[in-house]
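Scroll down for the structure; my scribbles are underneath it.
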Amino acid sequence: MANVPRFKLNTGALIPAVGLGGWGGRVQEDRDNAWKFMLTALKATHSLKDIASIKLGTEKATATAIKKSGIPREDIWITTKLHHQHGPFVEKYFQDSLANLETDYVDLYLMHWPQTSKYVEGDSEPMDEDGNLIVLDLPIFNEIWAEMEKLYESGRAKAIGVSNFSVQNLEKLLETAKIVPAVNQVELHPYLAQSELKKYCDEKGIVLTAYTPTGYKNVLTDPTITELAGKYKSTPGQIVLSWHIARGVAVVPKSSNEQRQKDNLNLLTLDPEDVTRITALDRNQRLCNYANEFGKVWGWTYEQLGW
């Protein structure tokens, strides 16, 4: 089993630097069966599960995988998220997450997005006539964060953090926050290096975590990446994930392939000049969450998101 590197959070806890993204697809059957790829990942010592109560829909599958693995709960790091629809109901949906996960605590609880969407029973993504997520003015993320701080103080969330927050919105959050977020999880890969955000989070003691960390085929087929894969006799994915770790960025790649799960843990020490070369590929290009034809991402403009 692999020895997963860890980064220290501002709580003092050590978070695995390489985890497993818990996206289970949009079909319920796929979500129900997600425990299978989670189980192989656990056996390869992917001790971090990154999930979300509705958006990823795999909390129950995570509980199944943990039980089948036989690995003690204290040896597994679980991150889950507060859905953007649940800002007014933090306590209720956090309790639901604990019940789904069959645990009495999570290691990290993240606010999935800074915006709050309209709550509609049975519809986790209510859209307006133009196909934009219906968002509300209240509660603002400062108010939601205050409720999340209570979860941390109760001990049921060992750390709390945010996701998809820019420097702009982190600064707004810190105007009222009693607790500095431990983690900020964002889209980050060589085509979106987020250097300014990385510098800001480092200064504030916030660990940056990358989703979409390999940048799909767009990045994996980049000539610089394939050249370096040849130099290090590795896969393009290993090159990109090693770049993240060299920068002090944690990653949550999603893979249901057992061999790739193992490869994702078998990382390299890149030469400093190669880290610089990969960072230079940055083109501020979003590949996962980007504006639609109306200039919005999940109901907010780039200006509101601070992107």
Side-chain angles (χ1 to χ4, degrees), residues 4-23 46-53 55-56 59 62 76-84 87 90 94 97 101 105-114 141-142 144-174 177-189 192-213 241 244-254 288-289 305-306:
V4 182
R6 293 176 180 263
F7 295 145
K8 181 176 280 192
L9 301 184
N10 58 19
T11 62
L14 296 173
I15 186 173
V18 182
L20 176 74
W23 169 246
H46 274 282
S47 54
L48 170 67
K49 294 289 168 291
D50 175 70
I51 52 185
S53 56
K55 188 66 180 175
L56 306 186
E59 286 180 332
T62 298
I76 299 172
W77 182 287
I78 298 176
T79 297
T80 193
K81 301 186 181 84
L82 177 73
H83 189 261
H84 51 65
V90 174
F94 179 72
S97 289
L101 291 162
Y105 73 96
V106 295
D107 299 276
L108 177 62
Y109 194 52
L110 301 178
M111 189 189 308
H112 204 163
W113 287 89
F141 54 72
N142 303 70
I144 297 169
W145 185 252
E147 293 302 307
M148 290 178 61
E149 289 176 328
K150 295 177 183 177
L151 302 179
Y152 173 75
E153 291 165 351
S154 75
R156 292 171 294 156
K158 301 302 182 183
I160 53 175
V162 294
S163 183
N164 297 299
F165 269 61
S166 61
V167 171
Q168 167 188 294
N169 288 331
L170 283 170
E171 288 186 332
K172 290 180 181 178
L173 180 65
L174 293 177
K178 295 187 296 181
I179 299 170
V180 175
V183 166
N184 183 21
Q185 186 180 117
V186 298
E187 180 179 346
L188 200 161
H189 43 73
L192 186 67
Q194 302 264 32
S195 294
E196 180 187 358
L197 180 61
K198 176 67 168 64
K199 181 175 182 292
Y200 181 87
C201 287
D202 285 349
E203 291 171 350
K204 299 297 182 182
I206 302 169
V207 171
L208 206 56
T209 298
Y211 67 78
T212 319
L241 294 179
H244 283 291
I245 303 306
R247 298 177 79 215
V249 174
V251 294
V252 283
K254 190 273 177 180
C288 181
N289 287 299
L305 288 163

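Note: hydrogens, waters and symmetry copies are ignored here, and every other heavy atom, side chains too, is used.
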Write down the atom of [X], the atom of [Y], and the distance for their closest heavy-atom approach.
{"X": "Arg247", "Y": "Ser195", "result": "NH2-OG, 3.5 Å"}
{"X": "Ile78", "Y": "Asp107", "result": "N-OD2, 2.8 Å"}
{"X": "Gly87", "Y": "Leu82", "result": "CA-CD2, 4.3 Å"}
{"X": "Ala159", "Y": "Ala182", "result": "CB-CB, 4.1 Å"}
{"X": "Pro16", "Y": "Ala250", "result": "O-CB, 4.3 Å"}
{"X": "Tyr109", "Y": "Ala157", "result": "CB-CB, 4.1 Å"}

For this session: Could you tell me whether Lys158 sits above the aromatic face of Tyr105, with NZ or CZ closer than 6.0 angstrom to the six-membered ring centre and within 45 degrees of the axis?
Result: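 Yes - Lys158 lies over the ring of Tyr105, closer than 6.0 Å to its centre and within 45° of its axis.
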Indicate yes or no for a side-chain donor-acceptor contact from [X] to the backbone of [Y] under 3.5 Å, with no hydrogens or angles considered.
{"X": "Asn142", "Y": "Lys172", "result": "yes"}
{"X": "His244", "Y": "Pro213", "result": "yes"}
{"X": "Trp145", "Y": "Ile179", "result": "yes"}
{"X": "Asn10", "Y": "Pro181", "result": "yes"}
{"X": "Gln185", "Y": "Tyr211", "result": "no"}
{"X": "Glu187", "Y": "Cys288", "result": "yes"}

Problem set entry | Derivation of the salt bridge (charged side-chain N to carboxylate O under 4.0 Å, His left out) call for Lys199 and Glu196 | CA-CA 5 Å; Lys199 181 175 182 292; Glu196 180 187 358; over 6 Å; no
Problem set entry | Test side-chain contact (heavy atoms from CB on, under 4.5 Å) applied to Lys204 - qualifying residues, sequence neighbours left out |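 With sequence neighbours excluded, Lys204 shows a side-chain contact (heavy atoms from CB on, under 4.5 Å) to Leu174, Tyr200, Ile206, given in chain and number order.
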Mind checking the [atom1]-[atom2] spacing from [X] to [Y]? Nearest 0.5 Å is all I need.
{"X": "Trp113", "Y": "Asn169", "atom1": "CH2", "atom2": "CG", "value": "11.5 Å"}
{"X": "Leu197", "Y": "Gln168", "atom1": "CG", "atom2": "CD", "value": "12.0 Å"}
{"X": "Thr209", "Y": "Leu110", "atom1": "OG1", "atom2": "CG", "value": "7.5 Å"}
{"X": "Ile160", "Y": "Thr11", "atom1": "CD1", "atom2": "OG1", "value": "10.5 Å"}
{"X": "Met111", "Y": "Asn164", "atom1": "CE", "atom2": "CG", "value": "11.5 Å"}

When you compare the side chain of [Y] with that of [X], does any pair of heavy atoms fall below 4.5 Å?
{"X": "Asn184", "Y": "Gln194", "answer": "no"}
{"X": "Lys8", "Y": "Leu14", "answer": "yes"}
{"X": "Lys198", "Y": "Val249", "answer": "yes"}
{"X": "Leu170", "Y": "Val162", "answer": "yes"}

Problem set entry | Stepwise side-chain hydrogen bond (donor to acceptor under 3.5 Å, both in side chains) check, Ser97 with Glu59 | CA-CA 7 Å; Ser97 289; Glu59 286 180 332; 2.8 Å; yes
For this session: Indicate yes or no: does Lys150 engage Glu153 in a salt bridge with an N to O separation below 4.0 Å.
Result: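 Result for this pair is no, no salt bridge flagged.
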